[in-house]
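Please read the structure below before turning to the comments.
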Amino acid sequence: MKKHQLSSWDLSEIKPDHLQKTFQEIETKTKHIEHWRPKLKAKISSKDFISLLAELEKLQVLTSKVGVYAQLRFAEDSSNQEASALQSQVENFLTNISNRLLFFNLWFKQLPEPEARRLISDSGKYHYFLEKMYKSKPYILGEKEEKIVNIKDVTGVSALNSIYNILCSQFQFEFEGKKIGQEELLTAVRSASPQRRAAAYRVLLGKYRSHKDLIGEVYRNIVNDWREENIRLRGYKNPIHVRNVGNDIPDKAVEALLKACERNELLFQRFFELKRKKLGLKKMRRFDLYAPLQKKKEPEIPYHEAVTTVLETFHDFSPAFHREASNIITADHIHSKVQKNKDTGAFCCSVTSKLNPYVLLNYTGTLRDVSTLAHELGHGIHHNLARGQTEFTFNAPLPLAETASIFSEMVLSERLLKKYPGRARELLFNKLDEIYASI
């Protein structure tokens, strides 16, 4: 069996053979779709309407490939000037394409409801895409305004996010006599030693504090942009309503969840009081939130062992889970090694419904990293099992997507409890820290 090694990903499946030729292909398809504009009438035939949707879907594949390629190049090394320039070039080009095709979205949302319902009813596999689009009808602006918003997002919010990512991914921390990255420092935040935890936290927070003016300005402007566009211009009820509409979740469902959290807030206090006693502390400090219960240092788990453990777990649960996770791994779609200027944390990024998604990890050898691998592969499995959906709908909204990943972690936890009994109980206990700390 091939030994799994820490590595970068293989982006050859989505790398353009020649960027300008790819742009030209997208341009050609865009012009062809633009020719539909005069034909868009309320009484358009269902056959013609579906033909147009099929053309939009093919274009979606092309734009997604080049867009994600640029994003992933930047994610693996934010200091790479070529990758940064590529991301900017691609983002600006695709925004222009999106603006030229806005007419379809706006035309459909402005249809009289009987005509919209007729087309949705006849649209087959595209029905959910159209239903969700039509629900956002109350919040649309005029075509010129929508174009300005799209351009503003590229030069505004998107640029601010890039600035933040560049800044934080390049942080180096002086800790215990050497320079390390954030992922390595975070392992010390969970050290068994109270003194080491506190020292690691101070170094971590000190770096962010030294850039607090810049980070605060980035955050303030992103929040203001969200409010000004969505509340004052588009007319959403409140900031969370924007998310709820996007995730296709009723406000009442989210409100019920929040009220349940409020009613049970004492669980939060009881949990950390229990942890304080188990740790033998007189007082629970900020540094102790993620403190391990075990006193000895956790030995590193080789990456090969992590991958094997996760794949065996998936195989025992479902051959389909194992097959789809294996497909992602064997396609070399995982960037697992820790390197300077790489995005912190982890994510799973979809491209098209027919391609295996890409996973970014920062694997440092902890049991938590093994769980993270299962989590992100859970997203990937969900993606692959949704390949029968359209290019517009194979990506699940956030709450549904996280259900798949958390489920994969839960399936893994049973094996971890058998393979690493003490450490797994520790991991599961501390997972509650994260849940409570996020409430």
Side-chain angles (χ1 to χ4, degrees), residues 182-183 185-206 208-209 212 215-216 219 223 238-244 247 249-295 298 344-346 366-372 374-376 378 397-414 416-417 421-439:
Q182 182 163 307
E183 295 301 323
L185 183 62
L186 287 175
T187 62
V189 164
R190 294 178 168 86
S191 169
S193 164
Q195 294 78 19
R196 191 165 187 257
R197 285 198 303 272
Y201 255 119
R202 289 191 175 101
V203 170
L204 175 68
L205 298 178
Y208 282 86
R209 187 181 298 111
K212 64 184 175 68
I215 293 173
Y219 180 76
V223 170
N238 50 54
I240 198 171
H241 184 227
V242 189
R243 288 291 188 208
N244 296 345
N247 289 327
I249 294 177
D251 286 347
K252 288 184 178 179
V254 177
E255 289 165 7
L257 175 64
L258 293 175
K259 286 178 181 176
C261 291
E262 289 175 6
R263 286 196 304 270
N264 293 280
E265 64 179 13
L266 286 178
L267 287 174
F268 181 90
Q269 298 175 11
R270 287 170 56 194
F271 172 80
F272 282 108
E273 176 60 15
L274 173 63
K275 183 166 186 176
R276 181 193 66 77
K277 291 178 180 178
K278 285 183 173 292
L279 290 170
L281 299 173
K282 291 183 178 179
K283 183 180 179 181
M284 196 77 172
R285 308 170 301 167
R286 175 68 181 86
F287 312 127
D288 304 317
L289 290 181
Y290 302 127
L293 301 182
Q294 296 188 95
K295 300 301 181 185
E298 180 182 301
T344 57
T366 66
L367 202 62
R368 184 175 299 274
D369 290 338
V370 183
S371 183
T372 300
H375 180 106
E376 300 305 338
L398 184 63
L400 179 58
E402 292 305 320
T403 301
S405 54
I406 296 297
F407 177 79
S408 295
E409 285 190 62
M410 291 172 63
V411 172
L412 175 70
S413 66
E414 297 179 8
L416 295 183
L417 283 167
R423 293 167 67 182
R425 282 194 293 273
E426 172 83 25
L427 174 68
L428 296 175
F429 185 87
N430 280 306
K431 281 284 182 183
L432 291 174
D433 289 4
E434 298 174 6
I435 293 170
Y436 282 126
S438 68
I439 295 175

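The backbone N or O of Pro399 lies less than 3.5 Å from a partner atom in the side chain of Thr403, making a donor-acceptor pair. A distance-only check finds no donor-acceptor pair linking the side chain of Arg276 to the backbone of Lys283 [under 3.5 Å]. Panel note: side chain Ser371, backbone Arg368; no donor-acceptor pair is recorded below 3.5 Å. With hydrogens and angles disregarded, a donor-acceptor distance shorter than 3.5 Å links the side chain of Lys275 to the backbone of Ala291. A donor-acceptor pair under 3.5 Å is formed between the side chain of Ser408 and the backbone N or O of Ala404. The backbone N or O of Gly345 sits less than 3.5 Å from a side-chain atom of Glu183, completing a donor-acceptor pair.
Taking a cutoff of 4.0 Å between a charged side-chain nitrogen and a carboxylate oxygen, Glu255 and Lys252 do not qualify as a salt bridge.
Here CG of Asn244 is found 4.5 Å from CG of Asp251. Values are rounded to the nearest 0.5 Å. A distance of 5.0 Å separates CG in Leu289 from CZ in Phe272, rounded to the nearest 0.5 Å. Note that CG of Leu267 and CG of Leu274 are 11.5 Å apart. Values are rounded to the nearest 0.5 Å. The distance from the CZ atom of Arg243 to the CG atom of Asn238 is 13.0 Å, given to the nearest 0.5 Å. From Thr187, atom OG1 reaches atom CG of Leu185 across 7.5 Å, with rounding to the nearest 0.5 Å. Rounded to the nearest 0.5 angstrom, Ile215 CD1 and Arg209 CZ are separated by 11.5 Å.
When all heavy atoms of Asp288 and Leu279 are compared, the pair lying nearest together is O-CD1, 4.3 Å. Looking at every heavy atom in both residues, Val189 comes nearest to Leu204 through CG2-CD2, 4.4 Å.
Side chains of His375 and Glu402 form a contact here, defined as non-hydrogen atoms less than 4.5 Å apart. At a threshold of 4.5 Å between non-hydrogen side-chain atoms, the residues Met284 and Glu273 do not count as touching.
A cation-pi geometry, defined here as NZ or CZ lying under 6.0 Å from the six-membered ring centre and within 45° of its normal, does not hold between Arg197 and Phe287.
Exactly one of Arg286, Arg285, Arg196 qualifies for a side-chain hydrogen bond (donor to acceptor under 3.5 Å, both in side chains) with Tyr201. That residue is Arg286.
A side-chain donor from one of Thr366 and Asp369 sits under 3.5 Å from a side-chain acceptor of the other.
Within a 6.0 Å sphere centred on OH of Tyr219, heavy atoms belonging to other residues, nucleotides or ligands number 12 at most.
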